[in-house]
Amino acid sequence: MPRALHPHVPSQVSAEGKTRQEVARLLLEQGPMTAVVVAEQLGISPTAVRRHLDALLADGEAETRDAPRRGPRGRGRPAKLFLLTEPGRARFGHAYDDLAVSAIRFLAEHAGEGAVRAFAEQRIEKLVGPHRSAITEPGDPAARAEALATALSREGYAASTRQIGAPAPGQNVPAPGQNVGAQLCQHHCPVAHVAAEFPQLCEAETEAFAQLLGTHVQRLATIARGDSACTTHVPASAGHPAHPEPGSTKRPRAAQGQLTGREARIPNGGKPA
């Protein structure tokens with residue numbers, strides 16, 4: 001069997017990853033550096049170091065520049081210095097979330113909650129504004145939801161849609177009380193950590209969705225609250241109020257009753273689109 005032929009592959013891959021991380025950390029702390037200096041610092045062969053450096057270059061995590069010449073210009077190409085790019089630095093984490101939370105706290109303390117709300121509204125407008133015409137071109141909310149999911153995915157939210165509550169085979173209309181429409185799911189939220197403390201970000205986003213889709217929408221789950229996706233129900237027919245209750249942070253009341261508990265947050269049994 002293939003596994004028996006390569007019993008040590010997992011440990012080798014782990015060792016490779018650890019060494020690459022050490023190479024990256026050295027570039028972070030002491031770079032720019034040549035491959036020879038990296039090899040000397042880590043006590044491994046220049047060949048091994050160049051393999052890891054090539055991998056970092058291929059992944060866009062490192063870049064090179066020519067080392068300055070010292071003394072008379074000699075023959076041959078100048079030595080290459082390796083340094084990390086911004087994606088390479090991201091290996092070691094950032095404090096952007098903590099910085100954002102601190103900044104919004106300062107805004108709330110010195111300018112009031114209204115300023116936080118205005119910031120949230122401006123942020124979502126800059127996010128979806130460039131896609132407004134593409135989102136609002138379709139006539140029905142379901143088609144608009146699909147266009148909104150495409151726009152959100154382009155902005156890094158990994159969004160998708162799914163139709164729910166469709167009529168049973170052979171029926172032209174759904175069953176009485178059935179919650180029919182589309183489910184818009186954002187499987188990633190770049191600001192979830194910040195939104196956990198400042199729900200105004202989620203509220204402004206929900207209201208923007210309602211305005212773009214031309215119908216009242218219901219936010220059923222959010223990553224900021226610990227759910228696996230930000231899930232929004234979009235009813236099949238337009239004509240409902242275009243905004244949810246202003247400033248409300250409560251979960252919406254679905255057609256079949258109050259949503260309570262994690263198992264009731266998503267109407268298709270907890271499976272996001």
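We're numbering straight along the sequence, starting at 1.
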How would you list, by chain and number, every residue that makes a salt bridge (charged side-chain N to carboxylate O under 4.0 Å, His left out) with Arg132, sequence neighbours excluded?
Glu125
Say whether Leu99 and Val191 are linked into one hydrophobic cluster, either directly or through other cluster members, by side-chain heavy-atom distances under 4.5 angstrom.
no
Linking I/L/V/M/F/W/Y whenever any side-chain heavy atoms sit under 4.5 Å apart, do Leu56 and Val37 land together?
yes
Only one of Gln183, His187, Glu146 passes side-chain contact (heavy atoms from CB on, under 4.5 Å) with Ser160; say which it is.
His187
Which residues pass the ring-ring contact (aromatic ring centres under 6.0 Å, His included) test with Phe92, sequence neighbours left out?
none
Does any N or O in the side chain of Arg144 come within less than 3.5 Å of the main-chain N or O of Leu212, such that one atom is a donor and the other an acceptor?
yes
From His52 atom NE2 to Leu26 atom CG, the distance as rounded to the nearest 0.5 Å
12.5 Å
Scan for ring-ring contact (aromatic ring centres under 6.0 Å, His included) pairs involving residues 107-130, sequence neighbours excluded, and state none if there are none.
Phe106-His110
Sidechain-backbone polar pair: Thr161 side chain, Ala182 backbone, donor-acceptor under 3.5 Å
no
According to a 4.5 Å side-chain heavy-atom criterion applied to Ile, Leu, Val, Met, Phe, Trp and Tyr, with indirect links allowed, do Leu184 and Val128 form part of one hydrophobic cluster?
yes
List the steps and the verdict of side-chain contact (heavy atoms from CB on, under 4.5 Å) for Phe82 and Leu57.
CA-CA 9 Å; Phe82 293 83; Leu57 289 171; 3.8 Å; yes
Using a strict cut-off of less than 4.0 Å between a Lys/Arg side-chain nitrogen and an Asp/Glu carboxylate oxygen, indicate whether Arg20 and Glu61 qualify as a salt bridge.
no
Going by salt bridge (charged side-chain N to carboxylate O under 4.0 Å, His left out), name the residues that satisfy it together with Arg105, two or more places apart in sequence or in a different chain.
Glu197
Contact list for residues 26-36, test salt bridge (charged side-chain N to carboxylate O under 4.0 Å, His left out), sequence neighbours left out:
Arg25-Glu29
Out of curiosity, does Leu53 fall in the hydrophobic cluster containing Leu83 (side-chain heavy atoms, cut-off under 4.5 Å, transitive links)?
no
Would you find a donor on one side and an acceptor on the other, under 3.5 Å apart, between the side chain of Ser153 and the backbone of Ala159?
yes
Val101-Tyr96 co-clustered via ILVMFWY side chain contacts under 4.5 Å:
no
Between CD of Gln186 and CG of Asp227, what distance do you get to the nearest 0.5 Å?
12.0 Å
Test Arg219 against every option in Glu207, His233, Glu205 by the side-chain contact (heavy atoms from CB on, under 4.5 Å) rule and name the one that passes.
Glu205
Salt bridge (charged side-chain N to carboxylate O under 4.0 Å, His left out) contacts touching residues 41-51 (sequence neighbours left out)
Glu16-Arg51
Applying the side-chain contact (heavy atoms from CB on, under 4.5 Å) criterion to Val23, which one of Leu28, Leu84, Leu42 satisfies it?
Leu42
